[in-house]
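Input: a single structure, listed below in structure tokens.
Read the numbers this way: they start at 1 and go in the same order the structure lists the ligands and their atoms. In this text, all values refer to a predicted model and were calculated from it rather than measured experimentally.
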Amino acid sequence: MEICFRIPMAPKYRLVYFNLRARAEPTRLVFAAAGVDYEDVRIQRDEWPGLKPNTPMGQLPVLEVGGVTICQSMAIARYVAKETGLAGKTILEQAQADMLVDGLDDLRGKQAVIRKAPEDRKEQCKKELADFAPDFLSKYEKLCGPQGHLVGDSLTWADLVFYDVTSKVLAVLPGALDDLPKLSKVMDTVTANERIAKWLAKRPDTPH
Ligand SMILES: N[C@@H](CCC(=O)N[C@@H](CS)C(=O)NCC(=O)O)C(=O)O
């Protein structure tokens, strides 16, 4: 009789970041949507000085894969999206997804300054976001496809990065997507995705 042992394989990918969503969450969302296993390593702040000199650019997140360490959060997310088929179906779709993801950095920046601002500046920063977001989002509404996806007719990492950034914007401006049906549909498509929903339900609760 032949006995077959299944030896569990270690995940191929190791993502290292602090215990935050922040710059690692787009990649975690891509892994979740793709159903790909990875090590989600969350280091403590006091471990960082010892690790920093061994990172390519002295920053986190980093992704270790096949003996290579990659940094820059969006380069990591884009690479994982390509590896898992979530970068866009054609080179042109990939360029569209890249364009939308790169553009989202402006919205992310406006939202991120609120958290970093001193108490007496926070209201001003919220106002700046409130002034900026409507025009920004109406441009994205025009660029968005009708089927609940920013690009083409299936999920790409652009939908996931959009969800990540916009859910933080909605926490400050709850009506930001009112009257933007295509973008609202993207948010629904992402949260209705079974794998994403599973990740959102189990992901660690962190300050940002
Ligand atoms: N452009 C980089 C920025 C990375 C970055 O600023 N990382 C911060 C954490 S969010 C960091 O490593 N801070 C610790 C340090 O610089 O020593 C990226 O997107 O990955």
Side-chain angles (χ1 to χ4, degrees), residues 11-34 36 38-84 86-88 94-119 121-122 125-126 128-129 132-133 136 140 150-151 156-172 190 196 199-200 203-208:
K12 176 176 156 187
Y13 303 102
R14 187 169 187 267
L15 180 66
V16 184
Y17 193 52
F18 302 104
N19 185 26
L20 298 170
R21 295 188 302 281
R23 291 185 190 270
E25 200 61 16
T27 299
R28 295 188 187 117
L29 287 166
V30 176
F31 275 131
V36 169
Y38 68 106
E39 264 188 86
D40 185 13
V41 181
R42 294 165 183 251
I43 66 155
Q44 299 300 316
R45 283 281 167 185
D46 61 1
E47 295 175 80
W48 176 231
L51 292 172
K52 185 176 168 88
N54 302 322
T55 60
M57 297 189 192
Q59 291 176 322
L60 293 178
V62 296
L63 181 76
E64 297 166 12
V65 52
V68 174
T69 302
I70 300 166
C71 70
Q72 292 301 331
S73 53
M74 287 299 112
I76 294 169
R78 184 180 292 112
Y79 163 74
V80 175
K82 284 181 179 167
E83 283 278 324
T84 57
L86 291 171
Q94 291 174 16
Q96 288 177 293
D98 287 352
M99 170 186 82
L100 293 159
V101 168
D102 286 356
L104 280 165
D105 205 41
D106 297 342
L107 186 60
R108 194 196 64 80
K110 293 273 179 211
Q111 174 275 326
V113 291
I114 300 173
R115 181 176 44 78
K116 293 177 193 156
E119 272 318 309
R121 278 271 306 146
K122 280 194 192 299
C125 292
K126 283 183 190 174
E128 284 169 24
L129 178 67
F132 179 81
F136 179 95
Y140 270 60
L150 279 162
V151 177
T156 67
W157 73 303
D159 296 325
L160 301 173
V161 177
F162 178 78
Y163 167 79
D164 187 46
V165 175
T166 305
S167 51
K168 291 176 200 162
V169 171
L170 287 170
V172 182
V190 170
I196 296 286
W199 168 245
L200 296 180
R203 70 181 176 182
D205 191 16
T206 57
H208 61 97

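- Among protein heavy atoms, atom 1 (N) of ligand 1 sits closest to Gln72 OE1, 2.7 Å.
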*Under the salt bridge (Lys or Arg N to Asp or Glu O under 4.0 Å) criterion, do Lys12 and Glu83 qualify, and how do the steps go?*
CA-CA 12 Å; Lys12 176 176 156 187; Glu83 283 278 324; 3.7 Å; yes
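- The nearest protein atom to atom 8 (C) of ligand 1, hydrogens excluded, is given as Leu60 O, 3.7 Å; this is a heavy-atom distance.
- Using a distance-only test at 3.5 Å, with no hydrogens or angles considered, no donor-acceptor pair links the side chain of Lys110 to the main chain of Leu129.
- Of the possible polar contacts, none joining the Lys52 side chain to the Gln59 backbone as a donor-acceptor pair under 3.5 Å is found.
- Nearest to atom 19 (O) of ligand 1 among the protein's heavy atoms is Ser73 OG, 2.6 Å.
- Across Gln94, Lys82, Met74, a single residue satisfies side chain to side chain contact (heavy atoms under 4.5 Å, CB included) together with Trp157, and that is Met74.
- Of the protein's heavy atoms, Lys52 NZ, 3.5 Å lies nearest to atom 16 (O) of ligand 1.
- Not a single donor-acceptor pair under 3.5 Å links the side chain of Thr166 to the backbone N or O of Tyr163.
- Ranking the protein heavy atoms by distance from atom 6 (O) of ligand 1 puts Gln59 NE2, 3.5 Å first.
- Looking at atom 13 (N) of ligand 1, its nearest protein heavy atom turns out to be Phe18 CE1, 4.2 Å.
- Protein heavy atom in closest approach to atom 14 (C) of ligand 1: Trp48 NE1, 3.3 Å.
- Near Pro61, meaning under 4.0 Å from any of its heavy atoms, are these atoms of ligand 1: 20 (O).
- Using a 4.0 Å cut-off between charged nitrogen and carboxylate oxygen, Arg28 and Asp164 do not count as a salt-bridge pair.
- Between the Asp105 side chain and the Asp102 main chain, no donor and acceptor come within less than 3.5 Å of each other.
- For ligand 1, none of its N or O atoms has an N or O atom of Tyr17 under 3.5 Å away.
- A centroid separation of less than 6.0 Å is found between the aromatic rings of Phe18 and Trp48.
- Using a non-hydrogen distance threshold of 4.0 Å, Ala22 does not register as a contact of ligand 1.
- Short contacts between ligand 1 and Gly58, defined as distances under 4.0 Å to a heavy atom of the residue, involve ligand atoms 15 (C), 16 (O), 17 (O).
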